[in-house]
Amino acid sequence: MNRTWTVLQQRAETATQEAQAAMQNARSKVTQLEASLAHIEKLKVDYLERYNAAQKETHSISDNIAYRQFLEHLRGLRLRVESQTAAARVQLNEAKAALLVAQREQAKMEAMVEREERNAELIAAKKEQRELDEAG
């Protein structure tokens, strides 16, 4: 039997496994970035509560400036993480598409291996029948 299809099938399986790993990495990165966004939002809410409480008490202008600077820093950080999350989602979608392509290719190679095996069995059966006919 021709080993070409078997080798191609193994390569397709390897490509599928690599695509699955890439998709898992992309998915974990998206999850991590979403968790970072949630953490930033929690910090913002907590800090706003502190800021509002400080507004009711006597405080210095420098305290007020520090609160506002920190909130601005959080806003900038949130925007950066949101852009990274969007890029990670694009990467995840690309990884999903690559996985589908790899799975399709693997299915094709598996079908070709099966077809090659059937053809080899048919050839062997015909040869055996021919030998039986010649012997008879």
Side-chain angles (χ1 to χ4, degrees):
M1 181 172 82
N2 192 346
R3 296 233 347 114
T4 305
W5 293 118
T6 307
V7 170
L8 290 174
Q9 178 191 13
Q10 291 169 349
R11 286 187 182 171
E13 287 173 2
T14 302
T16 299
Q17 291 169 353
E18 290 171 357
Q20 285 173 336
M23 190 182 77
Q24 289 298 331
N25 288 340
R27 183 175 283 142
S28 68
K29 183 166 181 135
V30 168
T31 303
Q32 177 189 16
L33 288 168
E34 287 173 345
S36 293
L37 278 175
H39 181 69
I40 290 169
E41 192 60 33
K42 183 177 181 262
L43 282 174
K44 179 183 163 194
V45 167
D46 183 47
Y47 218 73
L48 278 173
E49 288 174 4
R50 289 183 191 182
Y51 176 73
N52 290 333
Q55 292 297 319
K56 295 176 184 174
E57 300 172 5
T58 308
H59 60 282
S60 68
I61 293 175
S62 64
D63 290 340
N64 199 10
I65 291 172
Y67 277 113
R68 289 177 188 235
Q69 283 178 339
F70 185 74
L71 289 172
E72 187 61 33
H73 174 71
L74 283 179
R75 189 176 304 119
L77 187 60
R78 186 173 203 281
L79 289 173
R80 194 169 347 135
V81 172
E82 283 175 346
S83 70
Q84 289 174 350
T85 303
R89 284 191 177 121
V90 167
Q91 193 175 21
L92 176 61
N93 290 335
E94 290 172 354
K96 285 179 181 178
L99 176 61
L100 288 174
V101 168
Q103 287 173 334
R104 266 189 247 124
E105 191 65 24
Q106 181 180 351
K108 281 195 287 187
M109 291 304 120
E110 288 171 356
M112 294 305 289
V113 166
E114 290 171 8
R115 189 176 93 185
E116 186 69 26
E117 288 172 354
R118 281 193 312 270
N119 287 345
E121 289 171 3
L122 284 172
I123 291 170
K126 286 180 183 179
K127 182 179 177 185
E128 183 180 332
Q129 185 64 42
R130 194 174 335 123
E131 290 172 355
L132 284 174
D133 290 344
E134 289 175 0

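What you see is a predicted model; the values in this text were computed from it and never measured.
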On a heavy-atom basis, the closest approach of Gln9 and Met109 is CA-CB, 3.6 Å
Could you give the distance from CD (Gln10) to CZ (Arg3), rounded to the nearest 0.5 Å? 6.0 Å
When you compare the side chain of Arg27 with that of Lys96, does any pair of heavy atoms fall below 4.5 Å? yes
Who clusters with Tyr47? Use side-chain heavy atoms, under 4.5 angstrom, across I, L, V, M, F, W and Y, and order the result by chain and number. Leu33, Leu37, Ile40, Leu43, Leu48, Tyr51, Tyr67, Phe70, Leu71, Leu74, Leu77, Val81
Compare every heavy atom of Ala102 with every heavy atom of Ala19, then report the nearest pair and how far apart it is. CB-CB, 4.3 Å
What residues join Met23 in its hydrophobic cluster, counting side-chain heavy atom gaps under 4.5 Å, either direct or through other members? Val30, Leu92, Leu99
Can you tell me how far the CD atom of Glu121 sits from the CD atom of Glu116, to the nearest 0.5 Å? 11.0 Å
Given Glu110 and Gln106, is the side-chain hydrogen bond (donor to acceptor under 3.5 Å, both in side chains) satisfied, shown in steps? CA-CA 6 Å; Glu110 288 171 356; Gln106 181 180 351; 3.1 Å; yes
Any side-chain donor paired with an acceptor under 3.5 Å for Gln20 and Gln24? no
Quick check: are there more than 12 heavy atoms from other residues, nucleotides or ligands sitting under 6.0 Å from CD1 of Ile61? no
Looking at Lys108 and Glu105, does any basic side-chain N land under 4.0 Å from a carboxylate oxygen? yes
Value for CD (Glu72) from CD (Gln69), rounded to nearest 0.5 Å, stands at 9.5 Å
Arg80 CZ to Thr85 OG1 distance, which is reported to the nearest 0.5 Å: 12.0 Å
CG of Asp133 to NZ of Lys126: how many Å apart, nearest 0.5 Å? 13.0 Å
Leu132 CG to Lys127 NZ distance, which is reported to the nearest 0.5 Å: 12.5 Å
Can you name the salt bridge (charged side-chain N to carboxylate O under 4.0 Å, His left out) partners of Arg50, sequence neighbours left out? Asp46
